[in-house]
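Structure first, then comments.
Because only heavy atoms are used, hydrogens play no part in the values below, and waters and symmetry mates are left out as well, while side chains stay in. Because the structure is predicted, anything quoted here is derived from the model rather than measured. Proteins come first, then strands; the chains are lettered A, B, ... in the order of their sequence lines, and each starts at number 1.
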Amino acid sequence: MRNQLYLFNTLTRTKEKFTPIHPGRVGIYVCGPTVYSDVHLGNCRTFISFDLIYRYLLYLGFKVRYVRNITDAGHLEGDRDEGDDKFVKKAKLEQLEPMEIVQKYTLGFHDVMREFNTLSPSIEPTATGHISEQIEMIKEIISNGYAYEINGTVYFNVEKYNTEFPYGQLTNRKLEDLLEGTRELSGQDEKRGRLDFALWISAKPETLMKWNSPWGWGFPGWHIECSAMSSKYLGNTFDIHGGGMDLQATHHTNEIAQSQACNHTSPVNYWLHTNMLTVNGVRMSKSAGNGFLPGELFTGNHPLLDKGYSPMAVRFFMMQTHYRSTLDFSNEALRASEKGYRRIINGLVTLKTLVYQPESEVQDEKLNTEIERLCELCYAGMNDDFNSAIVIANLFNLLKYINSFSHKIIPLASLSETTFEKMKTTFIQFVEDILGLKEEKFYKPNLIDDLYDILLELYKGSKETKDYARVDFIRKRADAEGIIIKDTKEGVSWSYKE
RNA sequence: GGUCCUGUGGCCGAGUGGCUAGGCUGAGCUCUGCAAAAGCUCCUACUGCGGUUCGAAUCCGCACGGGACCUCCA
């Protein structure tokens, strides 16, 4: 394990040295998507950022249990603890069963995550699969005196909780300030406190997704699922909890309160929050309607896009920025990243072909030191709160040398074999294993067809100049690849060898 | 209104109390049949005004600009 990992803890608003609860093991929970519609690029950024974090923890040799949930129930529209569940609303719209919606968008989400080359979490629990755990937790919170039931709905008593624990700790806010930002309770409200939130919501007759509970038929509130599932799989106190910054004030604040009220302990040691993706300076969000779907981005089929950008170019684009900074989306920025990504990958391919051959030449002491230094800077970058931007900058610095070696501008033998190996493994591991970038050979869908066309043109040209040696060569090589080149009356074409 | 964050070169983006990240773009050079790639060089910034300091873009204050959260959202 290299040096020490530091990470920015939202709870303390400082960069802290990372010390896992159990040496060598890390438990991490990340709030996953609500699968009632397609994930947009902003959602993807969070998951890609945590993929980087997960990958680096693995790289450091930790045994990591990475839990990322799927929210497939109980997520209300609006803040009044009434009205339909998002899934039901969408289901009515699409004339589908709620679980059909869940299935459709869960699969879609997984496809997108795969395109972005993210590693799968260790456990991907669903809210609907953990209803009883949530009910048990709510029961415990009630019996501990932090929640009350009214007409089949259970509310968390924030003001009472706040007398013992700092409710607004995660966003550094006092209860009075929070209260100031909320509306007066109207006569329709049944909850007692303005900040109280629902743990369990009573079902209406038309509610489709409902479960029986001690408080009657209903469904769980949004926040309780994460508390229930994180404690189930990671314990009452675990190492890292992550999510987008937009979840900090409400969802995560409530999660802490629930877990504390239930388990009498603070649930998480390190809270990590990723920043937002913006479009023209404004946050990308579902409600703002400025979200890009990954598919639109890949194909370029969107009014704001000049062209399509490949998944790896987009991943690289995100990696060039630190996860806690906002990232502004523009064609110009994306184009720049696309080029940068290709340079890195070309370098990667080049590097893999480089073979060290010691020569009698004198080694360059300073060069060895410099290369070693650049390698160390990559580790230092990641250890400093997963600063992938620093890593990439230093990879480019290394790339300059890699290209110089490859072009024999600098003789490779001026490096010691140890330094060469270090450069090689550092570059390859950082690009592939940590940043999660891979060579996209054929992200251009028609590339192979186009290459056939080129081949056939060469073939035709060779026939015209009666270069039969070349003609035979092309045909033989194509045949070896399982492709038959045919001269027909209509012209030259090819088919698969039968 | 409340609570915060932020303002870096043509663009995107790191970072730090003094040792000028990096990428993209543009210009030039080397190499080169042409081209590409690659290497080298140049364009060298930190919103404005004060203050602290031997020294600040980096710390503090004020002003202005941008944004987030406080309501569903990664």
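Distance OH (Y167(A)) to C1' (C70(B)): 11 Å, rounded to an integer number of Å. Atom OH in Y401(A) sits roughly 11 Å away from atom P in G39(B) (whole-Å rounding). Across the protein-nucleic acid pair, R324(A) atom CZ and A14(B) atom C1' stand 13 Å apart, rounded to whole Å. Atom-to-atom, CG of N331(A) to P of C24(B) comes out at 18 Å; the value is rounded to the nearest Å. Protein atom CD1 of I390(A) is 10 Å distant from nucleotide atom P of A21(B), rounded to whole Å.
Among the heavy atoms of the strands, none lies under 4.0 Å from M245(A). Within the 4.0 angstrom heavy-atom criterion, only backbone atoms of the sugar-phosphate kind lie near K400(A); the bases stay farther away. Residue contacts for L395(A): at a heavy-atom cut-off of 4.0 Å it reaches no nucleic acid atom on any strand shown. If you check every strand for non-hydrogen atoms under 4.0 Å, G243(A) touches sugar and phosphate atoms only. Base contact: H40(A) has a heavy atom under 4.0 Å from a base atom. Across all strands shown, H322(A) has heavy atoms under 4.0 Å from sugar-phosphate atoms exclusively, and none from any base. Within 4.0 Å of T278(A), counting heavy atoms only, lies no atom of the nucleic acid at all. Using a 4.0 Å heavy-atom distance criterion, D246(A) is classed as a base contact. Residue contacts for G32(A): at a heavy-atom cut-off of 4.0 Å it reaches the sugar-phosphate backbone alone, with no base atom in range.
Proximity of N387(A) to the phosphate of G15(B): a side-chain N or O atom is located under 4.0 Å from OP1 or OP2. Note on R343(A): every side-chain N or O is 4.0 Å or more away from OP1 and OP2 of G22(B).
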For nucleotides 30-34 of chain B, print each protein N/O atom paired with a nucleotide N/O atom at under 3.5 Å, atom names and distance only.
none

Atom pairs under 3.5 Å: protein N/O with N/O of nucleotides 2-12 of chain B:
from: G2(B); atom 1: N2; to: R173(A); atom 2: NH1; distance (Å): 3.2
from: C11(B); atom 1: O2'; to: E332(A); atom 2: OE1; distance (Å): 3.3

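In this structure, Q248(A) contributes its side chain and L170(A) its backbone to a donor-acceptor pair below 3.5 Å. A side-chain donor-acceptor contact under 3.5 Å links N368(A) to the backbone of D364(A). One N or O on the side chain of T118(A) and one on the backbone of M113(A) form a donor-acceptor pair closer than 3.5 Å.
Under the 4.0 Å criterion applied to side-chain N and carboxylate O atoms, K352(A) and E432(A) are assigned as salt-bridge partners. With respect to the salt-bridge test (charged N to carboxylate O, under 4.0 angstrom), the residues R324(A) and D385(A) qualify. By the 4.0 Å N-to-carboxylate-O rule, E372(A) lies close enough to K422(A) to be salt-bridged with it.
For the pair K17(A)/L5(A), no side-chain contact is recorded, criterion being any heavy-atom separation below 4.5 Å from C-beta on.
Here the two rings, on F50(A) and Y54(A), have centers that are 6.0 Å apart or farther. No close placement of the F197(A) and H251(A) rings is indicated, their centers lying 6.0 Å or farther apart.
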Carefully, step by step, assess F47(A) and F109(A) under the rule ring-ring contact (aromatic ring centres under 6.0 Å, His included).
CA-CA 11 Å; F47(A) 303 128; F109(A) 171 65; 5.3 Å; yes
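As rounded to the nearest Å, G39(B) and G22(B) have P atoms that lie 13 Å from one another. A37(B) and G10(B) have their C1' atoms separated by 25 Å, with the value rounded to a whole Å. With P as the reference atom, C60(B) and U16(B) are 14 Å apart, rounded to whole Å. Straight-line distance between the P atoms of G7(B) and C24(B): roughly 24 Å, to the nearest whole Å. Distance noted for atom P between A36(B) and G26(B): 12 Å (whole Å). Across C49(B) and C54(B), the matching C1' atoms stand 23 Å from one another, rounded to whole Å. A distance of about 11 Å separates the P atoms of G18(B) and C59(B), rounded to the whole Å. Taking atom P in both C19(B) and U58(B), one finds a spacing of 13 Å when rounded to whole Å.
Using a 3.5 Å distance cut-off with no hydrogens or angles, the side chains of H252(A) and H273(A) do pair a donor with an acceptor. Counted by atom type alone, Y105(A) and D72(A) present zero donor-acceptor pairs between their side chains at under 3.5 Å.
Listed by first residue number, the stems of RNA chain B with at least three Watson-Crick or G-U pairs below 3.5 Å are B:1-7 with B:64-70, B:10-12 with B:22-24, B:26-30 with B:38-42, B:47-51 with B:59-63.
Nearer the 5' end of RNA chain B, as judged by each residue's closest nucleotide, is the contact made by R335(A), out of L41(A) and R335(A).
More than 12 heavy atoms of other residues, nucleotides or ligands shown are found within 6.0 angstrom of CZ on F292(A).
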